[in-house]
Amino acid sequence: MPLLEGSVGVEDLVLLEPLEEESLLRNLQLRYEHKEIYTYIGNVVISVNPYQQLPIYGPEFIAKYQDYTFYELKPHIYALANVAYQSLRDRDRDQCILITGESGAGKTEASKLVMSYVAAVCGKGEQVNSVKEQLLQSNPVLEAFGNAKTIRNNNSSRFGKYMDIEFDFKGSPLGGVITNYLLEKSRVVRQLQGERNFHIFYQLLAGADAQLLEALKLQRDTSGYTYLNQEASRVGGMDDASNFSAVRSAMTVIGFSEEEIRQVLEVTALVLKLGNVELTDEFQANGIPASGIRDGRGVREIGEMVSLDSAALERALCSRTMETSREKVTTALNVTQAQYARDALAKNIYSRLFNWIVNRINESIKVGSGERKKVMGVLDIYGFEILEDNSFEQFVINYCNEKLQQVFIEMTLKEEQEEYKREGIPWVKVDYFDNGIICNLIEHNQRGILAMLDEECLRPGVVSDSTFLAKLNQLFCNHSHYESKVTQNAQHQYDRSMGLGCFRICHYAGKVTYNVNSFIDKNNDLLFRDLSQTMWKARHPLLRSLFPEGDPKQASLKRPPTAGAQFKSSVAILMKNLYSKNPNYIRCIKPNEHQQRGRFSSELVATQARYLGLMENVRVRRAGYAHRQVYAHFLERYRLLSQSTWPHWNGGAREGVEKVLGELNLSPQELAYGKTKIFIRSPKTLFYLEEQRRLRLQQLATLIQKTYRGWRCRTHYQLMRKSQILISSWFRGNMQKKRYEKLKASTLLIQAFVRGWKARKNYRKYFRSGASLTLANFIYRSMTQKFLLGLKRNLPSTKVLDSWWPPAPYRYFQPANQQLHQLFHQWKCKKFRDQLSPKQVEMLREKLCASELFKDNKASYAQSVPIPFRGDYIGLQGNPKLQKLRGREEGPILMAETVRKVNRGNGKTSSRILLLTKGHLILTDTKQSQAKIVIGLDSVAAVSVTSLRDGLFGLHLSQTSPVGSKGDLLLVSNHVIELLTKLYLAVLNATRSQLPVTVTENFSVRFKESSVAVKVTQGPGDGENNKLSFKKKGGNCLEVTVQ
Ligand SMILES: Nc1ncnc2c1ncn2[C@@H]1O[C@H](COP(=O)(O)OP(=O)(O)O)[C@@H](O)[C@H]1O
Ligand SMILES: [Mg+2]
């Protein structure tokens, strides 16, 4: 019953009816003919090589298989890869993918499909992509150096490869580690008929440009190379040249530097050249055969290319130094030995180069040790091989396959059945062939074939392949899986196919006859020390690094482990590694021996199906259960399907599982409850569970989302509300606080102002501004005080005439000082005046009057000032004669003087005595004692006087008076100032009117009816002598000159 509609045959052999080998083969064939190359046995994928490109790969298919579970789509390697990857990513289980099958069955292709699937579905990103690229690009490089055309497979892997791809917790690739197993290096020097050497040699010659070829001193034609020209050189459908460029770019992607690539190619070229070194017979002097190099050119070229002394290489190729701890012996090699040495060198160089390349790739893709990793291992190891002539290589290859079969048996057939028993599930045992006995035959530590081989290699004495065979025959004569001519003979069997030097092992996959020839040699894998030392001396960094044991300092006489032992231990490590992981199987089947599409050889497939144990596998699978899980884990995964176990379950795990499954109404045949595990028979049930879980998860997710959203909205709302309240309370608080602060500040301000105002009022006196005023006042006062005291101490003299007054010490005091000065002066004058007698007062009054009249008007005034007015200049007191002249005039004589009267007619002068009384002016002759002229003061009308220093004056009389009618008088007095002053005062006293006194140089005097103009001029003298000269000019003019 097909799982899916439209499927061809059955997609899962578990469902095959009837279950027989024939129907199984028919089913496979049917499917194969319909280009359905993949078929399941449970979770094992059987892949039948289609030998044609089928349209079932690529991104579209990858995407499809990514989205569906294992059984939902057609069987595919992608489905298996998907299960493995998801289990690694989601369940944190390290995975390994075991790909087994004969050579050419499609293992390598399958491994590439797995890797490309994983690369496509795992994480994305720049870093991840570069890691993926590096991992994927390691394939073409390893294939170029490690694959070759064989008769079974044009691209046969000649090495075993196990690749660990490492992922981080998210399932993104971090890097990886590649382990390689035993390269078939014998291919470097010899190939079977129709086979080729490793691809890289052909690729290099076909793909290198002329320049590179020249640099490597190579020629393009493969026929020129001994290692290449023995057999086929071309493979149909393989483009060596374009592959070469793909390899080079892949190396660059992985991280090889240009220099490293160059060195790798140089070493590759070196191997080719080494094959062309031709050796010839030579004989030593003692007749012992030796060898030599026919044409030294090849060796020289090698020497030049890798900076090696070509003579040393020649020596190393043709001779051998035996070294013991005590001595060194050099022996010549004959041609065969030398050829052997040459080929051994070539093989060694190549296999070491291959190892170096693997290590170099590992260096690029390795992951830092600190990271926690999940690992997916992909094992693509050489398939089981049965050749015409099987040698050591086939022996180890088949041993390895035997071990892998053991893993399969252990993990699928044995373990599963044992588990049912352990768990107490009713079980009818399915028989299967356990190949443990064969593994033991080969690998047993003491009695295994490999142990024997090692023993033989190490044994002293004559050792050969035949001694080794003899030993095996002796040891395994009764072993059911061992045969040889000797054992057959012993059992009287006749077998023509068995050679003398052969032994046969009945492997799980068939009987293989091995030829023991060169087993010892290949196991020893010895390279003469001379050669490794010579290689070490090369100045080519890569070549040199391939031969570390050539370093004399490192040289040790200890034997390196044999090839067999090495292989065994690496297989052991591999097994340990595989057992630690969850296995996923891809079992590859070769449909025909001719690499032809569409051809299905039932016989060939039947053999493979048989030794692969497909039938047993199906049987176990059918009787068994597709899925099992510890109760606790199962419950953890599916408890959400039941209301009673979700969300909390307090009972035991088993009860919980029963509860969950009981509620789902599954058919009782589908389930089995073991002691610790629940078993589910068909995948369908599991899918059903998964689907239920998926639906429930969706429900739960919605519930969680709903609850979460509600919660989030609620908390968000509450938070907002709380925030809003908080904000408004803060805001209000803040506003009030601000208001209060403002109020407080204003109150304080007002208070401060008031207090300040009050305080200022009280303390104004203490203020500085008041202080300055006070200080200024004080200073001012003290200055005034000082000034006045100084004035007191320094009072000027009280003399009236002394007008000295101390100057004001500051300008500020100037007005006051001036005022004081004035006051002082007035006081002084008053004081002075007060002490004067009335006479002196009178005299001063007169002086004052004189000053009023003449100051600044008459030149002689200044002279007159200090001279006191005497009044009497003629001795009137003592002269009674003169007394008489006064007549009746009472009162004192104000002035008595001798004056000269100028004759107005001629200008002559005559002396007269002049007396002035209070009422009169009396002129009299000096000799006469009788008054000649008496003029009442009221008749004096005016006086004219000059401004000069003379004593001349005109006395103008009023015309109405009797005296006046005679005309005016022109007189000269020596005391004209005194006289005129007294006259003025007398007139004032007498008439109460002011006498006009005119100061002029030109005046006229009346003379009877006419008048005479008097013109006074200053003569040459200064008028000191007071001399006047009169000159009459005409009738009316009198010129007076003051001398
Ligand atoms: N899935 C496949 N589709 C198309 N061709 C395949 C497939 N698997 C294998 N082949 C063909 O078979 C050849 C041998 O396959 P390969 O994987 O190299 O075998 P193995 O590694 O088992 O020796 C490949 O070169 C290829 O031509
Ligand atoms: Mg392969």
Side-chain angles (χ1 to χ4, degrees), residues 145 183-191 197-198 200-201 216-218 225-228 230 263-280 290-323 330-357 518 521-552 554-555 559-560 563:
F145 284 89
L183 181 75
E184 185 203 39
K185 62 187 172 192
S186 61
R187 181 170 298 273
V188 174
V189 298
R190 204 156 299 116
Q191 304 92 37
N197 208 327
F198 291 101
I200 187 65
F201 295 116
L216 299 173
K217 298 202 174 60
L218 292 175
Y225 294 99
T226 321
Y227 285 164
L228 306 182
Q230 300 154 11
Q263 290 185 18
V264 166
L265 295 179
E266 277 170 1
V267 174
T268 312
L270 167 67
V271 173
L272 278 186
K273 283 172 180 301
L274 208 53
N276 279 4
V277 172
E278 252 186 273
L279 296 149
T280 54
S291 55
I293 283 165
R294 182 170 288 161
D295 181 7
R297 212 186 62 182
V299 178
R300 268 200 308 284
E301 275 180 7
I302 292 173
E304 279 168 31
M305 193 165 66
V306 296
S307 311
L308 180 71
D309 179 7
S310 54
L313 176 60
E314 202 172 325
R315 249 195 329 276
L317 284 172
C318 300
S319 61
R320 182 178 176 192
T321 311
M322 304 289 272
E323 205 173 330
T330 307
T331 50
L333 300 176
N334 64 29
V335 173
T336 325
Q337 287 171 326
Q339 279 170 347
Y340 175 82
R342 179 198 64 192
D343 288 348
L345 179 62
K347 288 191 281 187
N348 260 291
I349 291 175
Y350 191 78
S351 72
R352 290 174 189 219
L353 173 67
F354 186 72
N355 289 342
W356 181 88
I357 289 171
S518 76
D521 243 5
K522 285 178 178 169
N523 191 41
N524 265 331
D525 191 27
L526 280 182
L527 183 67
F528 297 150
R529 185 164 294 131
D530 305 60
L531 287 170
S532 52
Q533 283 179 352
T534 311
M535 290 300 115
W536 185 81
K537 281 190 195 119
R539 279 192 292 282
H540 189 272
L542 174 57
L543 182 63
R544 190 187 164 96
S545 73
L546 297 181
F547 289 89
E549 83 272 23
D551 184 353
Q554 305 264 316
R559 287 177 65 99

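For the single chain, residues carry numbers from 1 onward in sequence order.
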ask   = F528 vs Y340 aromatic rings, parallel, tilted or perpendicular, using cut-offs 30° and 60°?
value = tilted
query = What is the distance from atom CZ of F198 to atom OG1 of T268, rounded to the nearest 0.5 Å?
reply = 11.5 Å
inquiry  = If you compare all heavy atoms of Y350 against all heavy atoms of F145, which two are closest, and at what distance to 0.1 Å?
reply    = OH-O, 2.6 Å
query = What are the two closest non-hydrogen atoms of R187 and Q191, and how far apart are they?
reply = O-NE2, 2.8 Å
ask   = Nearest 0.5 Å, what's the CG-CD distance between L265 and Q263?
value = 10.5 Å
remark   = Smallest heavy-atom separation, Q337 atom then A332 atom, equals OE1-O, 4.2 Å
inquiry  = salt bridge (Lys or Arg N to Asp or Glu O under 4.0 Å) for D525 and K347? Distances and angles first, verdict last.
reply    = CA-CA 10 Å; D525 191 27; K347 288 191 281 187; over 6 Å; no
note = Note: V306 and A538 closest approach over all heavy atoms is O-CB, 3.4 Å
ask   = Could you state the interatomic distance from CG (L274) to CD1 (I302), rounded to the nearest 0.5 Å?
value = 5.0 Å
message = I need the D309 CG to E314 CD distance, nearest 0.5 Å.
response = 10.0 Å
Euclidean distance, T226 OG1 relative to L272 CG, rounded to 0.5 Å = 9.0 Å
query = CG of L270 to CE of M305: how many Å apart, nearest 0.5 Å?
reply = 5.0 Å
request  = Please name the pair of heavy atoms, one in V264 and one in I357, separated by the smallest distance, quoted to 0.1 Å.
outcome  = CG1-CD1, 4.1 Å
